[in-house]
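Scroll down for the structure; my scribbles are underneath it.
One is the number of the first residue; the rest follow in order along the sequence. Predicted model only: the values in this text are computed from it and were never measured.
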Amino acid sequence: MTAGVTVRDAEPGDVAAICGFGARVVPGLYRPLLGEESARSQVDMWWTRERIGAAVSARETVVAESDGEIVGVGERGTWEGEHVIWKLYVDPELRGRGIGKDLVTGLIAQLPPGTPRIRVEHFEANGRAGRFYEREGFAYLHTREHPENPALNVVWRERDLAR
């Protein structure tokens, strides 16, 4: 656990703060990689009260908290029968302190016992995310190319949990 930061399962009372965190952090991260419109659409599509609330209710979300403020968010779910990390974000001023690793650990801890693997997807343009996931044991699977905008190509990775 990172000093001064607690990672825990998100609770229903966290939904508004999680949405606020996404609105504050996500556009700045993606603007230089994807452009203004795509960066804003990430928040508009994926950080709504409905989507965040559903993930929190399903116990698929963890938060990193410092002094009562959310400084990181991780969210998982399933797709095509596989467990997937959909969100993993840390306040830019706190990156490099192990919070991302703690969020991954928290998400994996939520998985059913015996889950053999977990996947993650990230924008190909986000090289920092790619390097982080490689360090955390996520092997490259494939890249899904976007038909209109190469900045929106998505890399899929997988971590073997059976080891």
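Here the closest non-hydrogen pair linking P27 and A23 is CD-O, 3.3 Å. Between I18 and A10, the closest heavy-atom pair is CD1-CB, 3.9 Å. For the pair K87 and I52, the tightest heavy-atom approach, listed with the atom from each and the gap, is CE-CD1, 3.9 Å. V43 and G22 make their closest contact through CG2-O, 3.7 Å (heavy atoms, listed as atom of the first residue, atom of the second, distance). Shortest non-hydrogen contact noted between S66 and G4 is OG-O, 3.2 Å. Of all non-hydrogen atoms in V15 and R49, the two that sit nearest each other are CG1-O, 3.9 Å.
Qualifying side chain to side chain donor-acceptor pair (under 3.5 Å) partners for E82, counting only residues two or more places apart in sequence or in other chains: R117. For L29, the side chain to side chain contact (heavy atoms under 4.5 Å, CB included) criterion is met by Y89, R95, N126, not counting sequence neighbours. A125 pairs by the side chain to side chain contact (heavy atoms under 4.5 Å, CB included) definition with L33, not counting sequence neighbours. For the side chain to side chain donor-acceptor pair (under 3.5 Å) test, residues two or more places apart in sequence or in another chain that qualify with R119 are E158. With sequence neighbours excluded, the residues forming a side chain to side chain contact (heavy atoms under 4.5 Å, CB included) with Q110 are D9, V62, R76, L107, listed by chain and number.
Classification of R24 and E69 as a salt-bridged pair holds, one side-chain N sitting under 4.0 Å from a carboxylate O. A salt bridge between R8 and D102 is absent, with no side-chain N of the basic residue lying under 4.0 Å from a carboxylate O of the acidic one.
With values rounded to the nearest 0.5 angstrom, S41 atom OG is found 10.0 Å from E36 atom CD. Separating the CH2 atom in W79 from the CH2 atom in W156 is a distance of 5.0 Å, to the nearest 0.5 Å. Note: I85 CD1 to I118 CD1 = 4.0 Å, rounded to the nearest 0.5 Å. Rounded to the nearest 0.5 angstrom, T78 OG1 and W86 CH2 are separated by 8.5 Å.
Inter-residue side-chain proximity for V120 and L88 is flagged as unmet; no heavy-atom pair is nearer than 4.5 Å. In this structure, the side chains of V7 and T105 stay at 4.5 Å or more apart for every pair of heavy atoms.
R159 places a side-chain N or O within 3.5 Å of a backbone atom of E136 that can act as its donor or acceptor partner. When atom types are taken as modelled, the side chain of R51 and the backbone of W47 share no donor-acceptor pair closer than 3.5 angstrom. Put simply, the side chain of T115 never gets that close to the backbone of L111: no donor and acceptor are under 3.5 Å apart. A donor-acceptor pair is defined here as one N or O able to donate and one able to accept, closer than 3.5 Å; no such pair exists between the side chain of S38 and the backbone of G35.
Evaluation of the side-chain hydrogen bond (donor to acceptor under 3.5 Å, both in side chains) test over residues 138-154, restricted to residues two or more places apart or in two chains, returns E124-N153, Y140-T143.
Follow the hydrophobic side-chain contacts under 4.5 Å out from V73 and you never reach I108; the two are in separate clusters. Transitive grouping of hydrophobic side chains (ILVMFWY, heavy atoms separated by less than 4.5 Å) keeps V25 and L103 in distinct clusters. Both Y30 and W46 are assigned to one and the same hydrophobic cluster, defined by single-linkage of ILVMFWY side chains at heavy-atom distances under 4.5 Å. Follow the hydrophobic side-chain contacts under 4.5 Å out from L34 and you never reach F132; the two are in separate clusters. Note on V104 and L161: same hydrophobic cluster, where clusters join Ile, Leu, Val, Met, Phe, Trp and Tyr whose side-chain heavy atoms are under 4.5 Å apart, directly or indirectly.
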- Starting from the C-alpha separation in whole Å, work towards a yes-or-no answer on side chain to side chain contact (heavy atoms under 4.5 Å, CB included) for L152 and F123. CA-CA 6 Å; L152 299 177; F123 288 112; 3.8 Å; yes
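Classified by interplanar angle (parallel below 30°, tilted 30° to 60°, perpendicular above 60°), the ring pair Y133/H122 is parallel.
For CG of D44, the number of neighbouring non-hydrogen atoms (other residues, nucleotides, ligands) closer than 6.0 Å is greater than 12.
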